[in-house]
There are 2 protein chains.
Amino acid sequence: MRIGALGQATRVDPETIRYYERIGLLPAPVRRANGYRAYGPAHLERLAFIRHCRALDMPLADVQRLLHLLDHPLDDCQDVDRLIDTHLAHVQGKLQSLQALAQQLEQLRGRCHGQHATAECGILHELVAAAQGESCVCHGNSVQTSQKGRRLRGACPESGYEPE
Amino acid sequence: MRIGALGQATRVDPETIRYYERIGLLPAPVRRANGYRAYGPAHLERLAFIRHCRALDMPLADVQRLLHLLDHPLDDCQDVDRLIDTHLAHVQGKLQSLQALAQQLEQLRGRCHGQHATAECGILHELVAAAQGESCVCHGNSVQTSQKGRRLRGACPESGYEPE
DNA sequence: AAAAACCCTGTAGCCACTCCGGGGTCAAGA
DNA sequence: TCTTGACCCCGGAGTGGCTACAGGGTTTTT
Ligand SMILES: [Zn+2]
Ligand SMILES: [Zn+2]
Ligand SMILES: [Zn+2]
Ligand SMILES: [Zn+2]
């Protein structure tokens, strides 16, 4: 089985397969006389395992550790548990922040209906105001920058930017 | 205002501020005689805006476009809307897949209680089985690899890896 | 025989930072 | 006065997980 066939079977780009080999995740297969990689069913299974873990968004370092544990069946599986626990906690944390994020964005999106000049756009107004510390959930309330004239000075050549 | 003070006010690492300047996101401030950057309130506001957008997980390219629109108040705000819509769709997509992911991981976690050898660990068994195509939501059902003997051959020197 | 598809290596790019090394500048303390 | 320490400068490299060349060789199809 050549790299293309393996890639088709597992739906993995051959470049990715070579990458996994380079970083030591997938063992280097033997080569044919012409230098082509020759894979067997063991590689196919291992690659499928890797991809399944990746689909669970595990970092490759974790996948590496799981593969190592698979190769050493007598080890204690506590390591497996810890690894999954940690990863799950990580995913749940990300999920929570992403939920809050989506909510914020939906709210922000509701600020503009129909077209008008950017100077009057509710979305931009909201973004500027929030960045200046009012009703901003994302940064803490400690970022108050200016007390009035809540407009961003431009960065274009024509709009002045005076320092200090 | 020097870079450290700006960083404290906005809770942004000075290295990040310099990075924003390098990529043209934050305009280069004037320098004092000793070469130190001297920032004004305009920079403070602009940086706060950038960070707020980043907190909404917008890519810097999008932030750049928003800043440009802010600098050109007469442009149509349709661009703003499209940008936010696209980003929101992106976030919602990620949210959905992350929800499915968390569910899968929780289910996987339930496969192992107590400690035993990895050879008998329900988590690893499940991972191997799923990678081989059964009851696997993440990859399509077309990844059937081997029909029986669903065990991953090891990649360690001692465990044999024969090709073809 | 020619064209298309495949394979090889090595390198560089993506994102948004983050860290490092090797220096210069400036205030407060011993 | 000397020294410590906190700042600041710059350029370059590293992170993760790929992806995309460039510039060759080989195999398969037309
Ligand atoms: Zn799967
Ligand atoms: Zn609008
Ligand atoms: Zn904010
Ligand atoms: Zn177990």
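Note on naming: letters A, B, ... go to the chains in the order of the sequence lines (proteins, then strands), and numbering restarts at 1 for each one. Heavy-atom basis, side chains included; hydrogens, waters and symmetry copies ignored.
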Residues at least two apart in sequence or cross-chain that pass salt bridge (charged side-chain N to carboxylate O under 4.0 Å, His left out) with A:Arg82, listed by chain then number, are A:Asp79
Look at the side-chain N and O atoms of A:Arg18 and state whether any lies under 4.0 Å from the OP1 or OP2 oxygen of D:dG17.
-> no
Say whether, by atom type as modelled, one donor and one acceptor occur between the side chain of B:His116 and the main chain of A:Gln78 under 3.5 angstrom.
-> no
Indicate the atoms forming the closest heavy-atom contact of A:Leu66 with A:Cys53, along with that distance.
-> CD1-SG, 4.1 Å
B:Glu21 has an atom CD; how far is it from atom C1' of D:dC9, in whole Å?
-> 11 Å
Give one of base, sugar-phosphate or nothing for B:Ile23, where a contact means two heavy atoms less than 4.0 Å apart.
-> nothing
Looking at CG of A:Leu70 and NE2 of B:His125, how far apart are the two atoms once the value is rounded to the nearest 0.5 Å?
-> 9.0 Å
Flag, side chain of B:Arg109 to backbone of B:Cys112, donor-acceptor distance under 3.5 Å | yes
In residues 80-88 of chain A, which ones come under 4.0 Å of DNA chain C, going by heavy atoms?
-> none
Would you give a per-nucleotide map of nucleotides 18-30 of chain D, 5' to 3', where B means the base has a protein non-hydrogen atom under 4.0 Å away, S means only the sugar-phosphate does, and - means neither?
-> BSBB---BBS---
Look at all strands and tell whether B:Pro14 reaches a base, only sugar-phosphate, or nothing, counting heavy atoms closer than 4.0 Å.
-> nothing
How long is the span from the CG atom in A:Leu83 to the CD1 atom in B:Ile123, to the nearest 0.5 Å?
-> 9.0 Å
When B:Met58 and A:Ala5 are each assigned the nearest nucleotide of DNA chain C, the 5'-most assignment goes to A:Ala5
Protein-nucleotide distance (B:Arg31, atom CZ; D:dC9, atom C1'), rounded to Å = 8 Å
Identify, with sequence neighbours excluded, every residue that meets side chain to side chain contact (heavy atoms under 4.5 Å, CB included) alongside B:Glu120.
-> B:Ala117
DNA chain C: first to last nucleotide in contact with chain B (atom under 4.0 angstrom from a heavy atom), 5' to 3', is C:dA16 to C:dC26
Looking at residues at least two apart in the chain, or sitting in another chain, which of them share a salt bridge (charged side-chain N to carboxylate O under 4.0 Å, His left out) with A:Arg54?
-> none
Go through the steps to decide whether A:Gln107 and A:Glu126 satisfy the test side chain to side chain donor-acceptor pair (under 3.5 Å), and finish with yes or no.
-> CA-CA 10 Å; A:Gln107 196 187 327; A:Glu126 174 73 15; 5.0 Å; no
Check for a donor-acceptor pair, side chain of B:Thr10 on one end and backbone N or O of B:Leu44 on the other, with a separation under 3.5 Å.
-> no
same_hphob_cluster(A:Leu101, B:Leu88) at 4.5 Å side-chain heavy-atom cutoff | yes
